[in-house]
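Data block below; observations after.
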Number of protein chains: 2
Amino acid sequence: MIKDKGRSILTESGLKITPQRIAIMEALLTIKDHSTAEFIKEYVTKNNPNLATGTIYNILEAFCQKGIIKKVKTEKDIMRYDVETKSHNHLYCDECDYIKNYFDEELDRLLKDYFSKKNLSNFSIKEINLQIVGNYSPHKNN
Amino acid sequence: MIKDKGRSILTESGLKITPQRIAIMEALLTIKDHSTAEFIKEYVTKNNPNLATGTIYNILEAFCQKGIIKKVKTEKDIMRYDVETKSHNHLYCDECDYIKNYFDEELDRLLKDYFSKKNLSNFSIKEINLQIVGNYSPHKNN
DNA sequence: TCCTAAATAAGAACTATTCTTATATAAGAA
DNA sequence: TTCTTATATAAGAATAGTTCTTATTTAGGA
């Protein structure tokens with residue numbers, strides 16, 4: 001069950017287990033898609049009407065710092081949060097602001113090999129994000 | 001001269017030539033780096049103290065639509081504007097919020113070839129942006 | 001020179017996010 | 001279990017980058 005999965009992720013992270021964190025964890029795992037804070041708020045406040053907006057941002061930030069989720073920036077400048085931890089890149093639709101995960105191990109390897117050959121002076125690489133911008137059809141909105 | 005270059009870019013674009021547009025064009029060409037709207041404002045208002053903030057955004061937006069410049073978002077979520085039109089990717093420093101252009105034709109070719117082989121279903125690629133996030137040293141701030 | 005659509009100035013409005021402070025609570029200690 | 005205390009949360013004010021509104025000005029064609 002998603003609730004148990006969420007709870008165990010929290011336990012492993014070392015974060016205090018609170019109802020708010022469980023609710024947001026559950027929302028992230030259920031929604032799956034790259035949710036905005038606002039969408040998460042809508043989802044979560046159905047059952048937890050008093051959950052404050054600031055708390056949502058606090059919790060999402062805490063999850064980011066523990067590596068449970070990752071921030072993804074959209075074309076339209078709103079932060080979205082990604083629960084997928086497996087290495088992947090993103091397809092950005094520039095019309096509907098939808099982001100789709102793009103898994104491609106071959107591509108990952110290609111890039112990794114490429115940059116390990118290169119030596120970027122004065123720059124140590126932490127991660128490489130490939131934004132594939134284009135047009136997703138049919139459009140999805142959330 | 002930069003002023004002439006700016007003016008001729010404007011003429012080619014078909015945009016009306018106004019003192020404000022010339023000033024911003026000149027600023028972009030002089031600063032070169034990925035400027036924030038605020039930095040451009042500071043630069044431009046030295047000689048044009050009445051240039052309104054909204055006008056700067058309008059003009060930058062107009063330039064973007066004509067393809068003269070491109071928007072680039074930083075790690076800290078502030079919009080920056082890039083005058084470089086040659087194909088390139090970006091090095092993002094996650095500490096000093098500096099963005100450096102990264103030119104690499106071999107990489108461009110590699111990616112282009114890779115995705116022309118692939119067939120992403122329901123998605124037509126317009127452009128591929130590689131964000132190379134890491135640590136730029138020494139740090140630059142602006 | 002005149003005309004008109006387009007551009008600008010000024011500043012209010014907006015919105016995603018962060019901050020502040022008082023209150024509540026998780027979870028280890030006794 | 002109850003107590004303790006550092007941590008988390010609620011509520012809403014504050015912030016900041018950006019957009020919007022409206023009156024005024026201006027570029028460039030007629």
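Note that the coordinates shown come from a computational prediction; the quantities given were computed from them, not determined experimentally.
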Next item on the list: Identify the two heavy atoms, one from A:Ile128 and one from A:Asn89, that lie closest to each other, and give their separation to 0.1 Å.
Entry: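 A:Ile128 and A:Asn89 have their closest heavy atoms at O-OD1, 3.9 Å.
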Notebook entry, point to check: Which atom pair, heavy atoms only, marks the closest approach of A:Lys71 to A:Cys64?
Noted result: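 Looks like CG-SG, 3.7 Å.
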Give each protein N/O atom lying under 3.5 Å from an N/O atom of nucleotides 10-14 of chain D, with the pair distance.
residue : atom : partner : partner atom : Å
D:dA10  : OP1  : A:Gln20 : NE2          : 3.4
D:dA10  : OP1  : A:Asn50 : O            : 3.4
D:dA10  : OP2  : A:Ala52 : N            : 3.0
D:dA10  : OP2  : A:Thr55 : OG1          : 2.9
D:dA11  : OP2  : A:Asn50 : O            : 3.3

Notebook entry, point to check: Hey, are the side chains of B:Phe63 and B:Leu15 touching, using non-hydrogen atoms and a 4.5 Å cut-off?
Noted result: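 The answer is yes, as the side chains (C-beta and beyond) meet within the 4.5 Å cut-off.
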Check: Hey, does the Lys NZ or Arg CZ of B:Lys46 hover above the aromatic six-ring of B:Tyr43, less than 6.0 Å from the centre and inside 45° of the axis?
Finding: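 Yes; both conditions hold, so B:Lys46 lies above the ring face of B:Tyr43.
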In this structure, how many angstroms lie between the [atom2] atom of [N] and the [atom1] atom of [X], rounded?
X       : N      : atom1 : atom2 : result
A:Tyr57 : D:dT9  : OH    : C1'   : 16 Å
B:Ile59 : C:dA6  : CD1   : P     : 16 Å
B:Asn48 : C:dT8  : CG    : P     : 11 Å
A:Leu60 : D:dT9  : CG    : C1'   : 14 Å
A:Ile40 : C:dT17 : CD1   : C1'   : 14 Å
B:Glu61 : D:dC20 : CD    : C1'   : 14 Å
A:Lys71 : C:dT17 : NZ    : C1'   : 10 Å

Notebook entry, point to check: Between C:dA7, D:dG28, D:dA8, which one does the side chain of B:Ile17 approach most closely?
Noted result: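 Closest of the options to the side chain of B:Ile17: D:dG28.
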Scan nucleotides 2-7 of chain D against the protein and return all N/O pairs shorter than 3.5 Å with their distances rounded to 0.1 Å.
residue : atom : partner : partner atom : Å
D:dT7   : O4'  : A:Lys16 : NZ           : 3.3

Check: In chain order, what residues pass the salt bridge (Lys or Arg N to Asp or Glu O under 4.0 Å) check against B:Glu84, with sequence neighbours excluded?
Finding: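 For B:Glu84, no residue satisfies salt bridge (Lys or Arg N to Asp or Glu O under 4.0 Å) once neighbours in sequence are set aside.
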Note to self: Taking the nucleotide of DNA chain C with the nearest heavy atom to each, does A:Leu15 or B:Leu15 sit closer to the 5' end?
What the structure shows: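 By nearest-heavy-atom nucleotide position, the 5'-most residue is B:Leu15.
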Item checked: Of residues 5-14 of chain A, the positions that come close to DNA chain C - non-hydrogen atoms, cut-off under 4.0 Å ->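 DNA chain C contact set from residues 5-14 of chain A: none.
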Extract all donor-acceptor atom pairs below 3.5 Å that involve side chains of residues 117-124 of chain A and protein atoms in other chains or at least two apart in sequence.
residue  : atom : partner  : partner atom : Å
A:Lys118 : NZ   : A:Tyr114 : OH           : 3.3
A:Lys118 : NZ   : B:Asp104 : OD2          : 3.4

Note to self: At 10 degrees resolution, what angle do the end axes of the helix from C:dT1-D:dA30 to C:dA30-D:dT1 form when each is taken over five base pairs?
What the structure shows: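 Taking five pairs per end, the axes differ by 30°.
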